[in-house]
Amino acid sequence: MDRLDCQREYWDGVAAKKTFTHPLRTERLREHVPPAGKILDYGCGYGRTCALLRENGFRDVVGVDISSEMIRQGLRLHPGLDLRHIQGGPLPFPDASFDACILLAVLNCIPTDHGQRELVRELVRVLRPGGILYLSDYPFQKDARNTERYRRFEAEFGRYGVFRLSEGAVLRHHDMAWIYELLPPFDIIMEENREVLTMNGSRAAIFQIMAKKR
């Protein structure tokens with residue numbers, strides 16, 4: 001895994017400082033995943049989404065994250081959740097073992113094409129046929145602050161949309177054509193655009209896609 005795709009030290013350092021806000025439409029998920037369905041929250045952070053799923057009646061939820069400090073923070077906040085630290089790379093689950101995979105603001109943290117392809121390939125592996133991928137992330141933003149930093153860091157990272165925060169983390173916003181290119185094993189069944197506050201308190205546009213594995 002490329003070092004940019006596994007910035008563990010950064011996420012460990014901010015585990016108790018950041019607030020994540022991407023919404024999850026549990027009512028839409030419930031249309032395709034029964035309460036007893038097995039759900040994987042990849043990049044679960046401090047367990048916010050896992051807790052929301054449990055509160056909304058989903059009984060078998062597993063959260064995984066590369067940051068051990070995020071997992072520790074999650075278990076402090078939600079001691080009853082199944083949250084697990086992973087190293088990255090292949091997931092420790094059998095093929096076709098989940099009914100749904102949740103991926104909220106995770107591609108944003110994986111700047112390389114290769115890293116994103118490998119993650120989606122692994123989620124395809126652990127999803128059963130007909131399983132649901134719920135993906136939420138950032139498209140290219142249109143404001144001057146973001147377009148300026150896309151241009152400023154383009155030469156360093158070789159891609160428009162990849163940029164470095166003042167804190168040191170390298171993140172990525174996306175061309176939607178690339179997102180669709182990542183999803184050939186899926187049929188898109190929901191696509192929406194919304195606005196959220198980022199983990200640093202800025203307003204940003206996001207896309208949300210729910211897709212069914214063929």
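Note that the structure is a prediction, hence the values are computed from the model and not measured.
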Residues Pro94 and Ser97: closest non-hydrogen pair is O-OG, 2.8 Å
So salt bridge (charged side-chain N to carboxylate O under 4.0 Å, His left out) across residues 56-80, not counting sequence neighbours, yields Lys38-Asp60, Glu69-Arg72
Verdict with reasoning, Tyr42 to Ile86, per side-chain contact (heavy atoms from CB on, under 4.5 Å):
CA-CA 10 Å; Tyr42 187 97; Ile86 59 171; 3.8 Å; yes
Who are the ring-ring contact (aromatic ring centres under 6.0 Å, His included) partners of Phe140, not counting sequence neighbours?
Tyr150, Tyr160
Treat each ILVMFWY residue as a node, draw an edge where side-chain heavy atoms are under 4.5 Å apart, and state whether Trp11 and Leu81 are in one component.
no
Should the pair Arg48 and Phe20 be classed as cation-pi, given the thresholds of under 6.0 Å to the six-membered ring centre and 45° from the axis?
no
Backbone of Gln116 reached by a side-chain donor or acceptor of Asp5 within 3.5 Å:
no
Audit row: Glu31, Arg28, salt bridge (charged side-chain N to carboxylate O under 4.0 Å, His left out) steps and yes/no
CA-CA 5 Å; Glu31 294 172 6; Arg28 293 299 304 271; 3.3 Å; yes
With salt bridge (charged side-chain N to carboxylate O under 4.0 Å, His left out) as the rule and sequence neighbours excluded, what pairs involving residues 205-214 come up?
Asp187-Arg214
Could you name each residue pair satisfying salt bridge (charged side-chain N to carboxylate O under 4.0 Å, His left out) that touches residues 158-171, not counting sequence neighbours?
Lys18-Glu167, Asp113-Arg159, Glu156-Arg164
Cluster link Leu75 to Val64, ILVMFWY, side chain under 4.5 Å:
no
Kindly indicate whether the side chain of Ile110, heavy atoms from C-beta on, has any atom under 4.5 Å from the side chain of Arg172.
no
Closest non-hydrogen contact found for Ser67 with Asp12 is OG-OD1, 2.6 Å
Would you please test Val162 and Leu171 for side-chain contact (heavy atoms from CB on, under 4.5 Å) and show each step?
CA-CA 6 Å; Val162 177; Leu171 303 178; over 6 Å; no
Would you say Tyr10 and Phe163 are hydrophobically clustered, going by side-chain heavy atoms of ILVMFWY under 4.5 Å?
yes
What heavy-atom pair brings Asp137 and Pro139 nearest, and what distance separates the two atoms?
O-CD, 3.7 Å
CG-CG distance between Leu40 and Leu123, expressed to the nearest 0.5 angstrom:
7.0 Å
Non-neighbouring partners of Tyr138 that pass ring-ring contact (aromatic ring centres under 6.0 Å, His included), sequence neighbours left out
His22, His173
Hydrophobic clustering (ILVMFWY, side-chain heavy atoms < 4.5 Å, transitive) - are Leu91 and Leu107 grouped together?
yes
Can you sort out the partners of Phe93 under ring-ring contact (aromatic ring centres under 6.0 Å, His included), two or more places apart, ordered by chain and number?
Phe98
Atom pair CG/SG of Leu83 and Cys50 - distance to nearest 0.5 Å
5.5 Å
Taking Arg194 for the side chain and Ile206 for the main chain, is one N or O donor matched with an acceptor at less than 3.5 Å?
no
Kindly write out the residues that satisfy side-chain hydrogen bond (donor to acceptor under 3.5 Å, both in side chains) with His78, not counting sequence neighbours, or none if the list is empty.
none
In one Ile/Leu/Val/Met/Phe/Trp/Tyr side-chain cluster, 4.5 Å: Ile71, Val62
no
In chain order, what residues pass the side-chain contact (heavy atoms from CB on, under 4.5 Å) check against Glu191, with sequence neighbours excluded?
Met176, Tyr180, Ile188, Ile209
Rounded to the nearest 0.5 Å, what's the gap from CZ on Arg54 to OG1 on Thr49? Could you check?
14.0 Å
For Glu154, side-chain hydrogen bond (donor to acceptor under 3.5 Å, both in side chains) partners two or more places apart
none
Sequence neighbours left out, what pairs pass salt bridge (charged side-chain N to carboxylate O under 4.0 Å, His left out) with at least one residue falling in residues 80-96?
Asp82-Arg84, Asp95-Arg125
Going by the rule side-chain hydrogen bond (donor to acceptor under 3.5 Å, both in side chains), which residues pair with Glu181 if we only count those two or more places apart in sequence or in a different chain?
none
Atom pair CD/CG of Gln7 and Leu165 - distance to nearest 0.5 Å
9.0 Å
If you measure from CG on Leu182 to CG on Leu133, what distance do you get to the nearest 0.5 Å?
10.0 Å
Closest approach of Gln141 to Asn146 (non-hydrogen atoms, all atoms of both residues):
CB-ND2, 3.6 Å
Supply the atom-to-atom distance Glu122 CD to Leu127 CG, rounded to the nearest 0.5 angstrom.
10.5 Å
Taking all non-hydrogen atoms of both residues into account, name the closest pair between Thr19 and Tyr46 and its distance.
CA-OH, 3.5 Å
Connecting only ILVMFWY residues whose side-chain heavy atoms lie within less than 4.5 Å of each other, what is the rest of Phe58's hydrophobic cluster?
Leu24, Leu29, Val33, Ile39, Leu52, Leu53, Val61, Ile102, Leu104, Ile132, Tyr134, Ile189, Met190, Met210
Where Val196 and Pro23 come nearest, the two heavy atoms and their spacing
CG1-CD, 3.8 Å
Within the structure provided, determine whether Gln208 and Leu135 are in side-chain contact (heavy-atom separation under 4.5 Å).
no
